[in-house]
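Scroll down for the structure; my scribbles are underneath it.
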Number of protein chains: 2
Amino acid sequence: MAARESSLDVVQRELTAFARRARATAARMHPELSLVSYTILSHLEERQGCRATDLAAHYMLDKSTVSRQVAALEKMGFIERRVDESDHRVQLLHLAPGGEEILASARSSRQESIQARLADWDPEDLARFASYLVRYNADAAAHP
Amino acid sequence: MAARESSLDVVQRELTAFARRARATAARMHPELSLVSYTILSHLEERQGCRATDLAAHYMLDKSTVSRQVAALEKMGFIERRVDESDHRVQLLHLAPGGEEILASARSSRQESIQARLADWDPEDLARFASYLVRYNADAAAHP
DNA sequence: GCACTTGTGTTGTAGAGTGCAACGATATCA
DNA sequence: TGATATCGTTGCACTCTACAACACAAGTGC
């Protein structure tokens with residue numbers, strides 16, 4: 001670490017570089033599932049029955065954007081919409097079987113690629129890296 | 001290292017979540033300087049006289065995309081193009097004074113925001129996080 | 001019950017970013 | 001000289017995105 005460049009600089013630069021590449025990498029690895037689609041499916045896997053508005057807030061997207069993405073995912077048979085009986089404005093989003101399938105496939109191929117990159121890492125370093133990322137994202141969510 | 005979720009899973013998930021937010025965050029903080037524009041300017045600060053093709057390779061972008069971005073940045077007075085006298089096909093890109101200015105401004109406001117998030121971090125943790133990111137990106141570049 | 005406000009999602013519109021393909025200009029080499 | 005390769009630009013089509021306007025449902029005050 002050079003004297004002139006603080007860790008903060010490095011974190012900023014490296015995260016920026018990563019963000020820049022992420023889209024291209026994701027697109028190359030899974031042309032049929034955009035980064036947003038992937039994150040939506042992944043989110044639904046965790047929180048079945050989540051609302052479109054929640055997705056928009058969580059990923060800092062406009063509700064119209066989410067609406068279109070959701071429509072596309074439904075058209076492809078990856079998710080289902082069920083109207084909330086207690087509030088007919090709300091649509092509860094669920095993973096459809098097709099969605100679980102493609103999500104598993106996308107995840108494993110992403111996993112494979114990441115594994116290839118991280119094969120040389122000491123497990124302890126990897127665990128620490130993971131925990132730092134978790135902490136950073138949590139901080140980012142807390143400081144909007 | 002949890003039994004159910006490996007560090008690999010966590011790294012994958014957190015990097016994906018970060019990538020998803022990065023664009024929105026960048027756009028909110030600097031509406032006049034897109035994420036790509038910022039990275040290009042930042043890259044030029046490091047390597048004055050770099051070629052458009054180098055940028056494309058480094059950020060996994062099509063040369064046409066870089067061409068348009070560069071054209072826009074030049075129009076805004078942020079960069080200059082100088083024809084390489086030893087090879088008239090290539091244009092060497094340089095930061096213009098206006099570019100240095102806006103880059104400094106963008107960086108400091110990004111820095112401010114990141115600093116707010118990372119204020120609580122132990123400097124040692126921060127340094128380790130930075131080095132992990134550097135290593136990860138280097139690995140990513142090596143395993144395309 | 002009836003307006004008024006709020007929350008949820010859709011659609012129209014416009015703009016930015018991107019990749020692919022085709023092209024012109026320049027350089028290199030046989 | 002002619003063939004091939006490299007660098008950058010442009011035409012085209014597509015996706016993602018935000019903003020604004022809208023319809024519909026739910027709650028609120030009268």
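Chain letters run A, B, ... following the sequence lines, proteins first, then strands; residues in each count from 1. These values consider heavy atoms only, across backbone and side chains, with no hydrogens, waters or symmetry-generated copies.
We find that CZ of B/R89 is positioned 4 Å from C1' of D/dT6, with the value rounded to whole Å. As a whole-Å value, the separation of A/D84 CG from D/dA25 C1' is 12 Å. As a whole-Å value, the separation of A/L33 CG from D/dT15 C1' is 14 Å. Put simply, CG on A/L93 is 12 Å from C1' on C/dT8, counting in whole angstrom units. Residue B/K75 contributes atom NZ, which lies 14 Å from atom P of D/dT9 at whole-angstrom precision. Remark: C1' of C/dT26 and CD of B/Q91 are 12 Å apart, rounded to the nearest angstrom. If you measure from atom OH of A/Y59 to atom C1' of D/dC16, you get 17 Å, rounded to the nearest angstrom. Between A/I40 atom CD1 and C/dG9 atom C1' there is a gap of 14 Å when expressed in whole angstrom units.
In this structure, the separation between CG on B/D125 and OH on A/Y132 is 3.5 Å, given to the nearest 0.5 Å. Here the CD1 atom belonging to B/I79 is positioned 5.0 Å from the CG atom belonging to B/L73, to the nearest 0.5 angstrom. Here CG of A/D120 is found 7.0 Å from CG of B/D139. Values are rounded to the nearest 0.5 Å.
Distances were taken from every side-chain heavy atom of B/R51 (C-beta onward) to each of C/dT8, D/dC7, D/dA26; the shortest belongs to D/dC7. With C/dT10, D/dA26, D/dG8 as the candidates, the nucleotide lying closest to the side chain of A/H88 is D/dA26.
Pairs of residues two or more places apart, or lying in two chains, that qualify as salt bridge (Lys or Arg N to Asp or Glu O under 4.0 Å) and include a residue from residues 53-69 of chain B are B/R51-B/D54.
Nearest heavy-atom pair, A/S7 versus B/L126, reported as atom, atom and distance to 0.1 Å: CB-CG, 3.9 Å.
In this pair, B/Y136 and A/F18 present their aromatic rings perpendicular. The plane angle is above 60°, beyond the 30 to 60° band.
Both B/V66 and B/A24 sit near DNA chain D, but only B/V66 has its closest nucleotide nearer the 5' end.
For A/H58, the ring-ring contact (aromatic ring centres under 6.0 Å, His included) partners are A/H43, not counting sequence neighbours.
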Report task. Heavy atoms under 4.0 Å is the rule here; annotate nucleotides 11-17 of chain C 5' to 3' with B where the base is hit, S where only the sugar-phosphate is, and - elsewhere. Result -> BBB---S
